[in-house]
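As structure tokens, the structure follows; a few thoughts come after it.
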Amino acid sequence: MSKYNISCFSMDLINKCREWEITPEGRVWPCCNFSNAWDKRHMEDKEEFLALSEDPIMKKLMNEDPNWNHLEHYTLEEIVNHKIYQTYIFKEGWESDNPPLLCKNNCSNCSANS
């Protein structure tokens, strides 16, 4: 178990159900924390967006394919089955010592988050 003890409110591990947040522009995110961070990229207070854009794995993905989660470019099935959503922003990533920064900042149940 990770020292961060992340508990994802948009994931029901017992029933293996997952909720998705779809923005008006057509981007698919794993939860409102990611969607809100994305929406704040144009605001003065970009602290939440920085947790998304400065996350090394997310930064690399967004630089390589800025449309990786956009429904105009990929199907919903392709997006939700993307490796990032199957490993990093999922149980494997949450249990690692380097979980997604947004998950660590918003969904960690311990004092190790900072």
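Reckoned from all heavy atoms, side chains included, excluding hydrogens, waters and symmetry mates.
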Under 4.5 Å between any side-chain heavy atoms of His82 and Leu61, yes or no?
yes
Spacing of Arg27 atom CZ and His73 atom NE2 [to the nearest 0.5 Å]:
7.5 Å
Kindly indicate whether the side chain of Ile6, heavy atoms from C-beta on, has any atom under 4.5 Å from the side chain of Asn109.
no
Over all atoms of both residues, closest heavy-atom pair of Pro99 and Lys104
CG-CB, 4.1 Å
Those residues that, when tested against Glu64, pass side-chain hydrogen bond (donor to acceptor under 3.5 Å, both in side chains) (two or more places apart)
Lys60
Would you kindly confirm whether Met62 and Ile84 end up in one hydrophobic cluster when ILVMFWY residues are joined by side chain heavy atoms under 4.5 Å apart?
yes
side-chain hydrogen bond (donor to acceptor under 3.5 Å, both in side chains) filter on Asn81, not counting sequence neighbours, yields none
Evaluate Tyr74 against Asp65 for side chain to side chain contact (heavy atoms under 4.5 Å, CB included), listing each step before the verdict.
CA-CA 11 Å; Tyr74 298 96; Asp65 183 0; 2.5 Å; yes
Nearest 0.5 Å, what's the CZ-SG distance between Phe34 and Cys31?
5.5 Å
Heavy-atom distance under 4.5 Å between the side chains of Trp94 and Met11, does that happen here?
yes
What is the distance from atom CG of Leu102 to atom CG of Leu52, rounded to the nearest 0.5 Å?
5.5 Å
Test item: Ser108 side-chain N/O and Tyr4 main-chain N/O as donor-acceptor pair under 3.5 Å
yes
From Ser10 OG over to Asn33 CG, what is the distance, rounded to the nearest 0.5 angstrom?
8.5 Å
With sequence neighbours left out, the residues meeting salt bridge (charged side-chain N to carboxylate O under 4.0 Å, His left out) with Arg41 are Glu25
For Tyr88, give me all partners under side-chain hydrogen bond (donor to acceptor under 3.5 Å, both in side chains), at least two apart in sequence or on another chain.
Asp55
When rounded to the nearest 0.5 Å, the distance separating NZ of Lys3 from OG of Ser96 is 10.0 Å
For Gln86, what residues pass the side-chain hydrogen bond (donor to acceptor under 3.5 Å, both in side chains) criterion, not counting sequence neighbours?
none
Counting distance only, does the side-chain N/O of Ser53 pair as donor-acceptor with the main-chain N or O of Phe49 below 3.5 Å?
yes
Please report the interatomic distance NE2(His70) to CD1(Ile22), rounded to the nearest 0.5 Å.
11.5 Å
List for me each residue that meets side-chain contact (heavy atoms from CB on, under 4.5 Å) alongside Tyr85, sequence neighbours excluded, and say none if there are none.
Arg18, Trp20, Trp29, Pro30, Trp68, Asn69, Ile79, Ile89
